[in-house]
There are 2 protein chains.
Amino acid sequence: MTIRDVEKTKEKILDGLGALLAEEGFGALGVNAVARRAGVDKVLIYRYFGGMQKLLRTYAIGGDFWPSISQQAGAALSELAGMSLRDLSVRLLKGHMRELLKRPRTQEIMRWELLKRNELSDELARAREQQGLEIMQLLGSLDDVPPGVDLAAVAALVHAGLSYLVLRAHTADDYIGVGLNTTKGRRRIENAVETIIDAVLRCHSDEKENRK
Amino acid sequence: MTIRDVEKTKEKILDGLGALLAEEGFGALGVNAVARRAGVDKVLIYRYFGGMQKLLRTYAIGGDFWPSISQQAGAALSELAGMSLRDLSVRLLKGHMRELLKRPRTQEIMRWELLKRNELSDELARAREQQGLEIMQLLGSLDDVPPGVDLAAVAALVHAGLSYLVLRAHTADDYIGVGLNTTKGRRRIENAVETIIDAVLRCHSDEKENRK
DNA sequence: TTGACATGTCACTGGTTGGTGACTTATGTT
DNA sequence: AACATAAGTCACCAACCAGTGACATGTCAA
């Protein structure tokens with residue numbers, strides 16, 4: 001009765017998984033649920049993907065979930081070369097938040113990544129880690145990195161903070177008095193990023209002697 | 001045959017839930033699993049707690065999950081009064097990470113909080129938010145907050161970053177090249193906190209004019 | 001001691017899960 | 001036209017799930 005088109009069916013399955021993930025979260029995931037949502041017999045999931053695990057892998061690896069460096073920066077890679085370390089850092093961090101806000105499915109995958117360690121989570125982490133390192137390489141190549149500042153650690157901390165605040169916005173409205181779901185709150189967060197980057201990149205003297 | 005002690009049984013159930021949560025994560029949660037783990041008939045969960053939902057609420061609200069302010073600061077409240085804004089901020093943030101690292105069940109609750117919004121997640125968020133505001137009040141009362149710096153937003157960002165890195169350590173080993181499960185990596189993160197706080201609290205001048 | 005009730009055990013339901021084998025039917029090749 | 005194979009449907013399995021009713025038994029008050 002139905003048209004027989006493998007690619008189309010595969011697509012339906014992946015779309016169904018994505019929709020289910022975005023709307024219900026991964027708590028609702030399962031072969032039956034995905035098949036039902038995709039309007040497809042679940043046996044096809046086994047035949048085409050080899051089971052739920054591999055389907056998830058195909059989905060998470062293949063999709064357009066992870067914004068590229070230029071997407072995060074909001075500019076072509078060629079333009080980035082001329083920027084100052086400060087501008088580049090701020091652009092990338094702000095862009096990270098902005099892009100992540102636009103991608104509910106990516107958020108869902110990130111939430112899912114926090115749960116349980118397995119081969120897939122490791123694979124996702126590896127891919128993401130590589131991009132992070134590329135970005136740090138880009139930043140580190142600039143010559144005005146202040147001495148005594150562990151830029152990677154600072155960037156990791158701020159980057160992680162932005163990620164968490166975006167993920168947290170899904171289930172909470174405020175974080176230490178900062179609104180997570182208002183434009184005002186988001187601007188406060190963006191300004192905090194600027195404040196931190198500006199301060200760290202400028203005030204680097206007497207960092208060492210002060211610590212001990 | 002068995003001793004009949006309601007309180008003991010309730011405790012067994014809550015302990016079972018906690019152990020299950022810490023070891024398997026909330027993916028494995030359920031009336032049957034908890035009852036099995038606690039060595040108790042599941043019907044008692046319904047009788048004593050009114051179902052899984054309310055059991056979870058009792059668990060999450062009642063337990064010693066959220067470190068107090070003095071726990072985070074690693075000092076009595078009375079001692080905190082004399083500290084500088086810089087020292088207090090650093091102590092609280094570092095303490096937050098340290099305490100969170102020691103509490104796998106709290107981590108699990110936090111992961112769970114990210115998933116789905118409901119009455120319980122709202123209640124947890126409210127309680128946590130209140131403590132966060134208390135801390136900010138404590139910090140804000142000090143008179144050396146630099147003008148033009150949104151301390152709450154900066155604190156929220158760093159606090160969120162530490163939280164995310166701790167949660168992430170469960171399923172990944174690195175974050176932008178920073179080790180999450182090594183003492184060296186944790187020290188880098190702690191130093192980054194210091195770097196940021198130091199820089200933000202000291203370099204506040206010409207913040208405004210520079211932005212535009 | 002008797003009776004009432006709280007405490008805990010057991011068995012069962014209806015529904016869902018992941019997974020598999022058998023089946024029908026369309027498609028494309030010879 | 002005959003055929004092999006791929007595409008999709010269907011029925012079924014054992015295991016698990018949440019939830020409930022019936023029952024046995026310990027505890028305590030009258």
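Predicted model, so just to flag it, every value in this text is computed and none were measured. First the proteins, then the strands, lettered A, B, ... as listed; each starts at 1.
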- Task: Kindly write out the residues that satisfy side chain to side chain donor-acceptor pair (under 3.5 Å) with B/Arg37, not counting sequence neighbours, or none if the list is empty.
- Result: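 Per chain and number, B/Arg37 pairs via side chain to side chain donor-acceptor pair (under 3.5 Å) with B/Glu23.
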Nearest 0.5 angstrom please: [X] [atom1] to [Y] [atom2], how far?
X: B/Ile176; Y: A/Gln131; atom1: CD1; atom2: CD; answer: 9.5 Å
X: B/Leu55; Y: B/Ile45; atom1: CG; atom2: CD1; answer: 6.0 Å
X: B/Ser89; Y: B/Met83; atom1: OG; atom2: CE; answer: 11.0 Å
X: A/Glu194; Y: A/Leu93; atom1: CD; atom2: CG; answer: 10.5 Å
X: A/Ile13; Y: A/Leu44; atom1: CD1; atom2: CG; answer: 5.5 Å

So which protein nitrogen or oxygen atoms get under 3.5 Å of nucleotides 1-4 of chain D's nitrogens or oxygens?
none

Self-check item: side-chain N/O B/Tyr48 vs C/dG8 OP1/OP2, d < 4.0 Å
Solution: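 Answer yes for this pair, as a side-chain N or O of B/Tyr48 is under 4.0 Å from OP1 or OP2.
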Check your understanding: Under 4.0 Å between a side-chain N/O of B/Thr9 and OP1 or OP2 of C/dG8, yes or no?
Key ->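 Yes, such a contact exists.
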Are any side-chain N or O atoms of B/Arg91 and backbone N or O atoms of B/Ala73, one a donor and one an acceptor, separated by less than 3.5 Å? yes
- Query: Donor-acceptor pair, B/Gln72 side chain versus B/Glu99 backbone, under 3.5 Å?
  - Reply: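 Side chain of B/Gln72 to backbone of B/Glu99: no pair is present.
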Any Lys/Arg nitrogen of B/Arg111 or B/Glu108 sitting under 4.0 Å from an Asp/Glu carboxylate oxygen of the other? yes
How many Å lie between [atom1] on [X] and [atom2] on [N], as a whole number?
X: A/Lys8; N: D/dG8; atom1: NZ; atom2: P; answer: 12 Å
X: A/Lys54; N: C/dG19; atom1: NZ; atom2: P; answer: 12 Å
X: A/Leu44; N: C/dG21; atom1: CG; atom2: C1'; answer: 15 Å
X: B/Arg37; N: D/dC16; atom1: CZ; atom2: P; answer: 17 Å
X: A/Asp41; N: D/dT9; atom1: CG; atom2: P; answer: 6 Å
X: B/Lys10; N: C/dG8; atom1: NZ; atom2: P; answer: 11 Å
X: A/Lys12; N: D/dG8; atom1: NZ; atom2: C1'; answer: 10 Å
X: B/Arg47; N: D/dG21; atom1: CZ; atom2: P; answer: 12 Å

Can you list every pair that meets salt bridge (Lys or Arg N to Asp or Glu O under 4.0 Å) and has a residue in residues 149-171 of chain B, with sequence neighbours left out?
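Applying salt bridge (Lys or Arg N to Asp or Glu O under 4.0 Å) to every pair that reaches into residues 149-171 of chain B, excluding sequence neighbours, yields A/Glu113-B/Arg168, A/Arg188-B/Asp150.
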Donor-acceptor pairs under 3.5 Å, side chain of residues 60-70 of chain A to any protein atom, not counting sequence neighbours: which ones?
unit_1, atom_1, unit_2, atom_2, d
A/Ser68, OG, A/Ser70, OG, 3.3
A/Ser68, OG, A/Gln71, N, 3.1

Quick note, A/Tyr46 side chain, CB onward, closest among C/dC10, C/dT27, C/dT20 is C/dT20
Taking Watson-Crick and G-U wobble contacts under 3.5 angstrom, with | marking pairs to another strand and [ ] crossing pairs, the secondary structure of DNA chain C is written ||||||||||||||||||||||||||||||
Between N or O atoms, less than 3.5 Å apart, protein on one side and nucleotides 13-17 of chain C on the other: list the pairs.
unit_1, atom_1, unit_2, atom_2, d
C/dT17, OP2, A/Arg36, NH2, 2.8

**Asked** When we call it a touch if two heavy atoms are under 4.0 Å apart, what does A/Val6 touch: a base, just sugar-phosphate, or nothing?
**Response**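 If one applies the 4.0 Å heavy-atom cut-off, A/Val6 turns out to touch the sugar-phosphate alone, with no base involved.
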query: Parallel under 30°, tilted from 30 to 60°, perpendicular over 60°: which one fits the rings of A/Tyr175 and A/Tyr164?
result: perpendicular
